[in-house]
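Order of the sequence lines sets the chain letters (A, B, ...), proteins ahead of strands, with each chain counted from 1.
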2 protein chains.
Amino acid sequence: MKKKTTDHRPAKERILDAAEQLFARRGFYGVSLRDITQAAGVDVALVSYHFGGKRELFTAVFERRAEVLNRERLELLEEVRRAALPAAPSLEAIANAFFEPLLERSARGGPGWKSYFALVAYVNNSPEFGPVMMTRHFDPLVERFIAVLREALPGCPAREVYWGYQFLTGALTLTFAETGRLDKLSGGLCRSSDLDSVRERLAPYVAAGFRALSARATAAASRTPVRAARKARRRS
Amino acid sequence: MKKKTTDHRPAKERILDAAEQLFARRGFYGVSLRDITQAAGVDVALVSYHFGGKRELFTAVFERRAEVLNRERLELLEEVRRAALPAAPSLEAIANAFFEPLLERSARGGPGWKSYFALVAYVNNSPEFGPVMMTRHFDPLVERFIAVLREALPGCPAREVYWGYQFLTGALTLTFAETGRLDKLSGGLCRSSDLDSVRERLAPYVAAGFRALSARATAAASRTPVRAARKARRRS
DNA sequence: GAATATATTCAACGACCGTTGAATCCGTCA
DNA sequence: TGACGGATTCAACGGTCGTTGAATATATTC
């Protein structure tokens, strides 16, 4: 059984789809090209022909949806920004612009998108692939978001914003990994696939977190004279 | 070059140490038994002899430090609880008891512990290993923490606490993955290996998040009559 | 010190890995 | 029709994988 039905979509895309699903489930090394091409109903050699090799296929899968996604997120961020002018947008609105396009597509964009975000979660947590691939494809976007976050947090040191972003990404990443652990843990009370629940809760959660970080920093600064603070910063 | 110096530690432990480091870096499938045994200065066949196989070695690595760790975390939680009696402990104190033993050992417990937490991060995000292994070794602990969190959040629906815990775990997990991405992103302003920075910030962040979730839930409840709320809950 | 149990080494197995080059199919254009 | 070029198939390569069984070394017991 090679194909369920005669499938006239180009083989290149079928390979990408199958690879997306399998890489997301078992990581780069947990999947063989034969697994992928068999799932795609295609000969093994076509991977080398179309992509060059296994690693190139992996990055091709990762890149395919990154561009369109980030463009949409940036546009949404600017829209949020314009709507709030001349004030800075709320932290909730910024956080929402950051993950709303992701949640929307993961929930209603079809199984390919769902797999894709699980793959991004895998890459983001991987010490091997994370630094290279995330930096290359997502850093410009992230830096723009952090800049706007800083506008919304006047007087807050940059370090705090970066840490807040780190925690935000972590929470989001685990959500996309779709391990189903929260479902088991809560006895069915929460379903991690229910991304509308995430949508409602994540923005308030991280916005409050950002405010707490900002408050903590200013409290610490007022407790410490400037010179001592400079020295402490150098020490840490 | 098999060993740097003559090493009289039992081979079984040397294998565990090497496997811990390599599994953490490249995952289960990204490491071969020959990689591990070569790093341990030991013959390949010893893995089958001592552990039975590759999968059994993987779970042995995972289990080795889990017990002692969770016992300490539970004791700390009960201590925090007793100290606050007859009131419930603060959210900050509970969150702190959850991750303080982890951060402490990751920062000052030696390279083995650091690798171990990166491995837990890998497992926690893995759709393949996460549900099985995390559930088996960490669920009793987590349920106890959630129970105490609920005491500290009177009137807060259980769902909200579970979601808050999910976000907390995600933030913690990404921190332990040690991808070094935050370092690059912040231009050296933050070092993700600086776990003291995490220690200071994570508790206020997630405590504020929990309070926001709780407030959001009670606000939503007061907006909705009881019967409609019941229906809405059944729908979702 | 012989016997026994445990630990380690060695060589090899069959299976699967990613990749390759030649052969074949098929639609396009001359 | 025939030549051509991209897409696909097929068979096979060398290498590495996890695992195994027999042989050897080391420690323990009588």
Euclidean distance, atom [atom1] of residue [X] to atom [atom2] of [N] [Å, nearest integer]:
| X | N | atom1 | atom2 | value |
| --- | --- | --- | --- | --- |
| Phe28(B) | dC17(D) | CZ | P | 13 Å |
| Leu46(A) | dG6(D) | CG | P | 15 Å |
| Phe51(A) | dT8(D) | CZ | C1' | 14 Å |
| Asp35(B) | dG18(D) | CG | P | 8 Å |
| His50(B) | dT8(C) | NE2 | C1' | 8 Å |

Self-check item: Any Ser32(A) side-chain nitrogen or oxygen under 4.0 Å from OP1 or OP2 of dC17(C)
Solution: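 True: Ser32(A) side-chain N/O within range (under 4.0 Å) of dC17(C) OP1/OP2.
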
Quiz item: Under the salt bridge (charged side-chain N to carboxylate O under 4.0 Å, His left out) rule, what pairs show up with a residue in residues 127-141 of chain B, not counting sequence neighbours?
Solution: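 Of all non-adjacent pairs touching residues 127-141 of chain B, those that pass salt bridge (charged side-chain N to carboxylate O under 4.0 Å, His left out) are Arg26(A)-Glu128(B), Arg181(A)-Asp139(B), Arg55(B)-Glu128(B).
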
Quiz item: What residue pairs, at least two apart or across chains, pass salt bridge (charged side-chain N to carboxylate O under 4.0 Å, His left out) with a residue in residues 105-117 of chain B?
Solution: Glu72(B)-Arg105(B), Glu104(B)-Arg108(B), Arg108(B)-Asp196(B), Lys114(B)-Glu178(B)

Practice problem: With sequence neighbours left out, write down each residue that passes side-chain contact (heavy atoms from CB on, under 4.5 Å) with Ala19(A), or none if nothing qualifies. | Solution: Phe23(A), Ile36(A), Leu57(A), Val61(A)

Practice problem: Identify, with sequence neighbours excluded, every residue that meets side-chain contact (heavy atoms from CB on, under 4.5 Å) alongside Pro131(A). | Solution: Thr179(B), Lys184(B)

Quiz item: Below 4.0 angstrom, N of the basic side chain to O of the carboxylate: do Arg34(B) and Asp43(B) qualify?
Solution: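 No salt bridge links Arg34(B) with Asp43(B).
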
N/O donor to acceptor pairs below 3.5 angstrom from side-chain atoms of residues 141-150 of chain A, sequence neighbours left out:
from, atom 1, to, atom 2, distance (Å)
Arg144(A), NE, Glu78(A), OE2, 2.8
Arg144(A), NH2, Glu78(A), OE2, 3.3

Got a list of protein N/O to nucleotides 19-26 of chain D N/O distances below 3.5 Å?
from, atom 1, to, atom 2, distance (Å)
dT19(D), OP2, Lys54(B), N, 3.0

